[in-house]
Protein chains: 2
Amino acid sequence: MDQLLANIKIQVNDKIYVKDPETTTLGRKIIKNSLIMMDEIGFDNFTFKKLGELIGSNESSIYRYFENKHKLLVYLSSWYWSWIEYKMVFATANITAPLDQLLKALEIVTEKIEDDQNTPYINEALLNKIIIAEFTKTFLTKEVDEENKEGFFLIYKRVINRMAAMVILIAPAYPYSKSLISSIVEGALHQHFLKDHFKTITDCNEMVSPSDFYKHLIQHLLSPKS
Amino acid sequence: MDQLLANIKIQVNDKIYVKDPETTTLGRKIIKNSLIMMDEIGFDNFTFKKLGELIGSNESSIYRYFENKHKLLVYLSSWYWSWIEYKMVFATANITAPLDQLLKALEIVTEKIEDDQNTPYINEALLNKIIIAEFTKTFLTKEVDEENKEGFFLIYKRVINRMAAMVILIAPAYPYSKSLISSIVEGALHQHFLKDHFKTITDCNEMVSPSDFYKHLIQHLLSPKS
DNA sequence: CTTAAATTGATAGTATTACTATTACATTTG
DNA sequence: CAAATGTAATAGTAATACTATCAATTTAAG
């Protein structure tokens, strides 16, 4: 799978960017270093001017790729979920038992990510940290509805619907498949945050991962006895 | 309970404000109208200058109450969770069966809120909408750890721990009481958001509430059979 | 009831942010 | 080699996020 991932171009809605950053050196530099900088100072303190200074490039050059920093974050998120979706489809393709399939998918959306080395200008470990800390900001805006119509969140929603479909295969009578999965996907990011910042309201830590918690939840909730 | 609430002063950590807004007319005006304005234009577009114009007061006067808009949001959140905690303690006090107690508490943290009329300058229905849309922004910052040390999120964490304690009473062997509750409390806000903006990834709608989903979850997860 | 203290309003000012526009130069590609 | 594309530099605007100062007003204390 590592080899295959190297040959796949992650798809991102082209309305998100002004110019596709994957096509030029500067574009890739923007992506790579925006990850480093956002991780370091956070999205709120991040500006195109600072990024320009970091990469020895002009602020206005960055505006040629992204309208504003919000769109850049939407781009990074979209890339992330597209990459997750790819990993998920691939990892679950050969699994026949629906429950095992769901557990595998669950692992992929809830685990802590390591850099996968196949995308030279995207450090997935960093990106995962940024998603944990900043993803909700992409849609908690007054412009959500418009941006949703433009399809900015399509891949994210597709990932959730794929998993919800697996839930239905396992437990056709369970009435909350979508809410369960959207709750888990969002919740996993939240639990990662809690274990780093609000340790007193989570059971997750070095030994227990959000994956463990949610696997247990799924198994007890969807097992045939209940 | 409505009567009693009228006589209780909701406690908010005094490090959050420069000057207690509950003590003056202008302070109460700031709170009341910041709710109206944030609901209308969202936290990101909200500024003290705009608020000043709305209440016919000067920007600099508002800075005498709150250092910045972030602190104001932290204040509103803190007030909200304090109010929720009060309602929860009160509503569960007479319930002896632990499961019923938890279900009642669950209802309080997950239900859509109506204005309770007892706090003249705080419209709880509006505040609830703002919490759904903006609460995560209070802690998804680079300053979380410092602010957490200052106790800005204490009440929120206490609400979660109260409920986690109920879970332990019901199912002493269940190993994820804190993660379950923190996941639910955050998740309920998220489900409310989804039903208004991303309808395709939730089962919640006019007929089915986030409370229904989570009550079902808790009952199936903590029932003695599993 | 008067005086001091606290509160508010008005004005002004600074640094930073979030852009847009223009022009010139450099590089790649056909 | 010419055209197209990409980049850098500069300048400029409007808004944001404050701080400082001072005068006017309100309130509270003796």
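Convention: sequence-line order gives letters A, B, ...; per-chain numbering from 1.
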Report task. Please list, in 5' to 3' order, the outermost nucleotides of DNA chain C lying under 4.0 Å from any heavy atom of chain B. Result -> C:dT7 to C:dT11
Which distance, rounded to the nearest 0.5 Å, do you find between the [atom1] of [X] and the [atom2] of [Y]?
X	Y	atom1	atom2	value
B:Asn45	A:Glu143	CG	CD	6.0 Å
B:Leu102	B:Thr92	CG	OG1	10.0 Å
A:Thr136	B:Leu140	OG1	CG	5.0 Å

For [X], give me all partners under side-chain hydrogen bond (donor to acceptor under 3.5 Å, both in side chains), at least two apart in sequence or on another chain.
X	result
B:Ser211	B:Thr110
B:Asp203	none
A:Tyr214	B:Ser183

Query raised in the report: With no hydrogens and no angle check, is any side-chain donor or acceptor of A:Ser182 less than 3.5 Å from a backbone partner on B:Ile201?
Result: yes
Query raised in the report: Start at the 5' end of DNA chain D and walk down; is the nucleotide closest to A:Ser61 or to B:Thr25 reached first?
Result: A:Ser61
Report summary line: Contacts satisfying salt bridge (Lys or Arg N to Asp or Glu O under 4.0 Å) that involve residues 42-55 of chain A (not counting sequence neighbours) are A:Asp44-A:Lys137
Query raised in the report: Which pairs pass salt bridge (Lys or Arg N to Asp or Glu O under 4.0 Å) with one or both residues in residues 69-83 of chain B, sequence neighbours excluded?
Result: B:Glu67-B:Lys71
Report summary line: Applied to residues 47-66 of chain A, the ring-ring contact (aromatic ring centres under 6.0 Å, His included) test, sequence neighbours excluded, yields A:Phe48-A:Tyr63, A:Phe66-A:Tyr75
**Report entry** Pairs involving residues 125-162 of chain B, ordered by first then second residue, that meet ring-ring contact (aromatic ring centres under 6.0 Å, His included) (sequence neighbours left out)
**Finding:** A:His190-B:Phe139, A:Phe193-B:Phe139, A:Phe198-B:Phe139, A:Phe198-B:Phe153, B:Trp81-B:Phe135, B:Trp81-B:Tyr156, B:Phe135-B:Phe139, B:Phe135-B:Tyr156
Report summary line: Per the under-4.0 Å heavy-atom filter, residues of residues 133-149 of chain B near DNA chain D come out as none
Query raised in the report: Contact class for A:Phe66 (heavy atom, under 4.0 Å): base, sugar-phosphate, or nothing?
Result: nothing
Query raised in the report: Taking five pairs at each end, how big is the angle between the two axes of the helix from C:dC1-D:dG30 to C:dG30-D:dC1, to 10°?
Result: 20°
Query raised in the report: How would nucleotides 9-22 of chain D be written as a contact map, 5' to 3', with B for base contact, S for sugar-phosphate-only contact and - for no contact, using protein heavy atoms under 4.0 Å?
Result: BB-----SSBBB--
Requested in this report: Evaluate the side chain to side chain contact (heavy atoms under 4.5 Å, CB included) criterion for residues A:Glu147 and A:His70: first the C-alpha distance (whole Å), next the side-chain angles of each, then the deciding distance (0.1 Å), finally the verdict.
Outcome: CA-CA 11 Å; A:Glu147 297 191 344; A:His70 171 252; 2.9 Å; yes
Please table the atom pairs, donor to acceptor, closer than 3.5 Å between any side-chain atom in residues 32-42 of chain A and protein atoms at least two apart or in another chain.
| from | atom 1 | to | atom 2 | distance (Å) |
| --- | --- | --- | --- | --- |
| A:Asn33 | ND2 | A:Lys29 | O | 2.8 |
| A:Ser34 | OG | A:Ile30 | O | 3.0 |
| A:Ser34 | OG | A:Ile31 | O | 2.8 |
| A:Asp39 | OD1 | A:Lys129 | NZ | 3.2 |

